[in-house]
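What follows is a short report on a single structure.
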Amino acid sequence: MEANNDGSMSQVRHVVLVLSGKGGVGKSTITTELALALRHAGKKIGILDVDLCGPSIPRMLSIGRPDVHQCDSGWVPVYTDAAKTLALMSIGFLLEDPDEAVVWRGPKKTAMIGQFVSDVAWGELDVLLVDTPPGTSDEHLAVLENLKKHSRVDGAILVTTPQAVSTGDVRREITFCKKTGIRILGIVENMSGFVCPHCSECSNIFSKGGGEELAKLTGSIFLGAVPLDPLLSTSIEEGKDFIQSFPDSATFSAISSISQTLLESLQTA
Amino acid sequence: HALAPHLRIIHCPGTTSEQAGKSSSCAGCPNQKICASGATKAPDPAIAEIGEKLSTVKHKILVLSGKGGVGKSTFSAHLAHTLASDSTKEVALLDVDICGPSIPRIMGLEGEQVHQSGSGWSPVYVDDNLAVMSIGFLLSSPDDAVIWRGPKKNGMIKQFLRDVDWGDLDYLIVDTPPGTSDEHLSIVQYLSSTHVDGAVIITTPQEVSLQDVRKEIRFCQKVKLPIIGVVENMSGFVCPSCKNTSQIFPPTSGGAERMCADLDLPLLGKVPLDPRIARSCDEGKSFINEVPDSPAAKVYQSIVQSE
């Protein structure tokens, strides 16, 4: 089936990769929350999930096992709402059994990503966020090569947690960006402290300050810090819209400010 | 007629399988001729060499997850420290996370380099009886990125197993990256002519983690790797000030306990969140040594005892 490759990304205004290098820092969570915040600000958003081994986004948006089909311009993404303000395409949707382990070596992952990334009929989007697995390997090279063929990649957001074990890997991801010519839009520090709901004492469970230090060290913008929040974790688990449920929380305000800064830097580029 | 490209990719039998080049999914694949010729099926001689080399290693334990950031490296490092606290045991920790090697930092060995000798590569020693190998020791700067595709990563793992002069070991612990991909397939394949005790699976309580961990468990079953048990990390946080517990990573689907009950696997322990763990890892110290009386340290010790 011939897909209209040049058409599928032509109405996507901005493409932003969400990278880390380190696993478990909250790339998928931050991708989901930024998407919801940007939508809240009136933008049309798409999420492309290329984590083959551990695709987390469908659950975070309460999307179970949709049937995906192709139209003349490629794969039709799954919309979270009737107004089509938030579209999702996860590589997991193409697998016959989404619970089955995807035990694939690099070349197969690369081939699959190639088939998939450039063939999604996004239609008109303000921002396409691309969620990635941790590392600097096949998936990252494949998604970048394919995106570049069809669209400009505005840049990447790097997610870290405060501790050195995390920033150590994210430094390498920054090198990956520099080597592959991806503009670094900024660093987000996730799990930045925990405020005890019982007594309001702040505990730095995953250390402190690493995100800002990393930004300084590498000359990148520090987009902001998102605290550890059990309400956010629960929301993500249950696929609820955190932005709608907890608009007065400190967490929401952190995410909102990051999304605003991101929008501004995309629009002024 | 040929399948749609994405279906052909999904149903690829694999270049080393009996069906390579011959299955119905192969029609239209650019590699069909090569696979059908049998050239891709020859077994790697390194497998036998590694079998020979590691035949004196008494116990091999893989630490897996599927999910990133759950504490595999933290666990592997502390397991190694605890086993090596018995000075009569020779312990080695092999880090096969090629893109994100955390072990050098966690073991306090940042900046160390590997040396080559006549008998192969020398691992880096933390103590007389505790050796470590990681790609981190081969990088000259903390900013160096290892941007390698699968085949090159596999080659590195082969070298780690075949060319490192480990000596006679009581324990070889292998720390892995998240996922079910090249590194995992390679480590299992290259160790296939040796005895592997099994895998310890690490998770955190929430479903977002368990979702990936169940896939890792299926991977173990597929490759016939025994599962020693599951460790649930980040299992609740006790506020140091008011002593109330918060479930920061809520076990909305029953946590590891429910998953282990469903899959009939041993739950080795539940380790609580403790800011001192992150600090120890960042500083390259053993958490079990630094704060031996903490609830988390006690759980770690009991897990290791039980293995």
Side-chain angles (χ1 to χ4, degrees), chain A residues 1 21-25 28 53-54 56 59-60 94-96 99-112 115-116 133-138 140-141 161 163-165 168-169 171-176 179 194 196-199 201 203-207 228 230 233-234 236-238, chain B residues 4-6 9-10 12 66-70 73 98-100 102 105-106 142-151 153-154 177-182 184-185 204 206-208 211-212 214-216 218-219 222 237 239-242 244 246-250 252-253 273-275 278-279 281-282:
Chain A
M1 134 149 280
K22 183 85 185 74
V25 296
S28 298
C53 297
S56 306
R59 189 186 173 85
M60 294 180 177
L94 299 186
L95 303 171
E96 281 157 358
D99 293 331
E100 192 49 57
V102 174
V103 185
W104 293 0
R105 289 192 185 270
K108 197 165 169 175
K109 292 195 283 189
T110 297
M112 191 64 170
Q115 273 305 304
F116 160 80
T136 49
S137 190
D138 301 272
H140 312 85
L141 291 165
T161 52
Q163 82 259 61
V165 161
D169 283 349
R171 281 176 81 161
R172 296 189 235 271
E173 198 77 20
I174 289 175
T175 303
F176 171 82
K179 282 198 167 164
F194 171 65
C196 176
H198 304 276
C199 71
E201 165 95 358
S203 292
N204 292 312
I205 300 182
F206 297 113
S207 281
L228 266 170
S233 319
T234 307
I236 284 283
E237 281 278 283
E238 296 175 351
Chain B
H6 74 281
I9 295 164
I10 291 172
C12 160
K67 185 83 185 77
V70 295
S73 298
I98 307 290
C99 296
S102 305
R105 172 174 286 278
I106 297 177
D143 293 311
D144 279 351
V146 182
I147 308 172
W148 290 0
R149 293 184 192 268
K153 292 193 284 187
N154 299 335
T180 49
S181 190
D182 288 275
H184 314 86
L185 284 165
T204 49
Q206 75 275 46
E207 177 58 26
V208 158
Q211 207 174 230
D212 291 349
R214 286 191 203 98
K215 293 182 187 189
E216 196 75 19
R218 285 208 192 95
F219 165 79
K222 247 191 199 176
F237 175 66
C239 176
S241 178
C242 70
N244 279 297
S246 292
Q247 292 295 340
I248 298 181
F249 299 112
T252 58
S253 58
L273 271 167
D274 186 328
R279 197 182 316 145
C281 287
D282 276 0

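To find a chain, count down the sequence lines: A is the first, B the second, and so on, and within it residues start at 1.
Using a 4.5 Å cut-off between heavy atoms, B/Asp212 touches chain A through its side chain atoms alone. Within the 4.5 angstrom heavy-atom criterion, only side-chain atoms of B/Gln211, from C-beta onward, approach chain A. Heavy-atom distances place both the backbone and the side chain of A/Lys108 under 4.5 Å from chain B. In this structure, the portion of B/Leu273 lying under 4.5 Å from any heavy atom of chain A is its side chain and not its backbone. Interface residue B/Arg105: only side-chain heavy atoms are found under 4.5 Å from chain A. Within the 4.5 angstrom heavy-atom criterion, no atom of B/Ile98 approaches chain A. For chain A, the nearby part of B/Cys239 is the side chain; its heavy atoms alone come within less than 4.5 Å. Contact of A/Pro133 with chain B is not made at all, since no heavy-atom distance falls under 4.5 Å. Using a 4.5 Å cut-off between heavy atoms, A/Phe194 touches chain B through its side chain atoms alone. Contact annotation for A/Val103: both backbone and side-chain heavy atoms come within less than 4.5 Å of a heavy atom of chain B. In this structure, chain B has no heavy atom under 4.5 Å from any part of A/Thr161.
Put simply, of A/Glu201, A/Glu238, A/His198, the one with the most heavy-atom pairs under 4.5 Å next to chain B is A/His198. Ranked by heavy-atom pairs under 4.5 Å with chain B, the list A/Thr175, A/Asn204, A/Leu94, A/Asp138 is led by A/Asp138. Ranked by heavy-atom pairs under 4.5 Å with chain A, the first of B/Cys281, B/Cys99, B/Gly150 is B/Cys99. Among A/Ile205, A/Leu228, A/Asp169, the residue making the largest number of heavy-atom pairs under 4.5 Å with chain B is A/Ile205. Among B/Gly66, B/Pro142, B/Cys12, the residue with the largest count of heavy-atom pairs under 4.5 Å with chain A is B/Pro142. Options B/Val70, B/Ile106, B/Asp144 differ in how many heavy-atom pairs under 4.5 Å they form with chain A, and the most are formed by B/Asp144. Taking chain B as the reference chain and counting heavy-atom pairs below 4.5 Å, the highest number among A/Ala101, A/Gly106, A/Pro107 is found for A/Ala101.
Looking at A/Cys196 and B/Ser241, their side chains never come closer than 4.5 Å, going by heavy atoms from C-beta outward. The shortest side-chain heavy-atom distance between A/Arg105 and B/Asn154 falls under the 4.5 Å cut-off. Side-chain contact between A/Leu141 and A/Thr110 is absent, with no heavy atoms from C-beta onward closer than 4.5 Å.
Side-chain polar atoms of B/Ser253 and B/Glu207 form a donor-acceptor pair below 3.5 angstrom. Defined by atom type and a distance below 3.5 Å, a donor-acceptor pair is present between the side-chain atoms of B/Lys153 and A/Ser137.
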Audit row: B/Val208, B/Lys67, side-chain contact (heavy atoms from CB on, under 4.5 Å) steps and yes/no: CA-CA 9 Å; B/Val208 158; B/Lys67 185 83 185 77; 3.8 Å; yes
side-chain contact (heavy atoms from CB on, under 4.5 Å) between B/Phe249 and A/Ile236, worked out: CA-CA 10 Å; B/Phe249 299 112; A/Ile236 284 283; over 6 Å; no
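Residues meeting the side chain to side chain donor-acceptor pair (under 3.5 Å) test with A/Arg171, sequence neighbours left out: B/Asp143. The salt bridge (Lys or Arg N to Asp or Glu O under 4.0 Å) test applied to A/Arg59 returns no partner, not counting sequence neighbours.
Heavy atoms of other residues, nucleotides or ligands lying less than 6.0 angstrom from NZ of B/Lys222 number more than 12.
A/Thr136 contributes a side-chain N or O that, together with a main-chain N or O of B/Val146, makes up a donor-acceptor pair within less than 3.5 Å.
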